[in-house]
There are 2 protein chains.
Amino acid sequence: MGVDCHHPESAQPGLEGLALADAVAAAANKCERTRERLTPPRRRVLELLLEADGPMKAYDLIAAYGQDGEPAKPPTVYRALDFLERLGFAHRIESLNSYVPCRMEGSSHRAAFLICECCGTAEEFEPDFAPQFAAAEAAGYAVRTVTLEARGLCPACKPEA
Amino acid sequence: MGVDCHHPESAQPGLEGLALADAVAAAANKCERTRERLTPPRRRVLELLLEADGPMKAYDLIAAYGQDGEPAKPPTVYRALDFLERLGFAHRIESLNSYVPCRMEGSSHRAAFLICECCGTAEEFEPDFAPQFAAAEAAGYAVRTVTLEARGLCPACKPEA
DNA sequence: GCCTCAGCGTTATGAAATAACATAACCAGG
DNA sequence: CCTGGTTATGTTATTTCATAACGCTGAGGC
Ligand SMILES: [Zn+2]
Ligand SMILES: [Zn+2]
Ligand SMILES: [Zn+2]
Ligand SMILES: [Zn+2]
């Protein structure tokens, strides 16, 4: 991952079996409550994100889309990603051109990530934007969204303390 | 720019004439001090960034590269951008796939941007990452770089208070 | 001088995202 | 029902963004 250190694969195993089904069901419930539709392509892309061991590229999703090995057409996946982002079920990581399922409980939140340059994991955390937000307001800005991506080494990949 | 409000062009006019020459000369000096080479393509791309009224896309730079109208080849510009980023003369804005010249005085700094979704300006500011940094360290992460991009409306484009 | 290597020019290709338009499913009102 | 507005999908093609690979050149150390 750009830094030469060779740790095993991602420390963030994807969901399987029941856990996966539960996560999808939770999303479905949330959609019902807000009268949004978790249609087949949307559900499929959400599954793929949840199953994955780390951030997925759009074209990884496209390739993995069909259970029979048939890829999806790009718009299918990009539309599903738009939906999942809008509902807060997934986040785009700008600096990786990649997508992850949301790992936070609370519904609407501002996402931020700690990205390991060795093993590729991207851990979501709940940032405190107070200082930046205050600075922006002071300058007269009306902030709508904030992207924060910190890159470095995760505990597992960090050369021992 | 995604939000329907129609303000005039970017509020960040590019440099011209003397100011431009000064800025380039300053970069050249800094390179000399660190034994880095501000070669013609690097200088040219820096000029283009400084002249611009706002964030420039890589292919905008490619198109504008030749004084005679001849575009550059993509690698020429991407290499120059890599250099300028490395030296701190330019920054990439991930959420726009765009580049801006560095507007801050201090040499090595962590860049952050306030991006107006109406007029397209991207104002650089010096963020205080203390809280996020502390949180990351507490989690065992060794943070190397941080990307922060806040999107919203600038004072000029904000519906009057 | 000679070597080394960073930088460059060039061709080609790969990766990421969207435009545009036709079709199909959903749903509320009549 | 059915009909019209709305939302979502299927499909083709294209655009936009970025890098691989290779050979050449010229600056600077010895
Ligand atoms: Zn989240
Ligand atoms: Zn790691
Ligand atoms: Zn800067
Ligand atoms: Zn503005």
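Quick note on labels: first sequence line is chain A, next is B, and so on, each numbered from 1. Source: prediction; values computed, not measured.
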Can you list everything that forms a side chain to side chain contact (heavy atoms under 4.5 Å, CB included) with A23(A)? Sequence neighbours excluded, please. L15(A), L50(A)
Can you tell me if H91(B) and E124(B) form a side-chain donor-acceptor pair at under 3.5 Å? yes
Counting C-beta onward and ignoring hydrogens, is there a side-chain heavy-atom pair between I62(A) and T76(A) closer than 4.5 Å? no
In terms of side-chain heavy atoms, does E123(B) have a donor or acceptor partner in Y141(A) at a distance below 3.5 Å? yes
side-chain hydrogen bond (donor to acceptor under 3.5 Å, both in side chains) with R44(A): which residues, sequence neighbours excluded? E47(A)
Can you give one letter per nucleotide of nucleotides 14-26 of chain D, going 5' to 3': B for a protein heavy atom under 4.0 Å from the base, S for sugar-phosphate only, - for none? ---BBBBB-----
Set of ring-ring contact (aromatic ring centres under 6.0 Å, His included) partners for F89(B), sequence neighbours left out: none
Range on DNA chain C touched by chain B - first to last nucleotide, heavy-atom distance under 4.0 Å: dG7(C) to dT11(C)
Could you walk me through whether R144(A) and E117(B) pass the salt bridge (charged side-chain N to carboxylate O under 4.0 Å, His left out) check? CA-CA 9 Å; R144(A) 201 177 54 76; E117(B) 290 176 319; 2.4 Å; yes
Between E36(B) and K30(B), is a salt bridge (charged side-chain N to carboxylate O under 4.0 Å, His left out) present by the stated rule, with each step listed? CA-CA 8 Å; E36(B) 295 279 357; K30(B) 202 159 155 194; over 6 Å; no
No-hydrogen, no-angle side-chain donor-acceptor test under 3.5 Å, E149(B) and S95(B): yes
Axis-to-axis angle between the two ends of the helix from dG1(C)-dC30(D) to dG30(C)-dC1(D) (five base pairs per end, rounded to 10 degrees): 30°
Side chain to side chain contact (heavy atoms under 4.5 Å, CB included) between L46(B) and R43(B), intermediate numbers included: CA-CA 5 Å; L46(B) 177 58; R43(B) 173 185 296 258; 5.7 Å; no
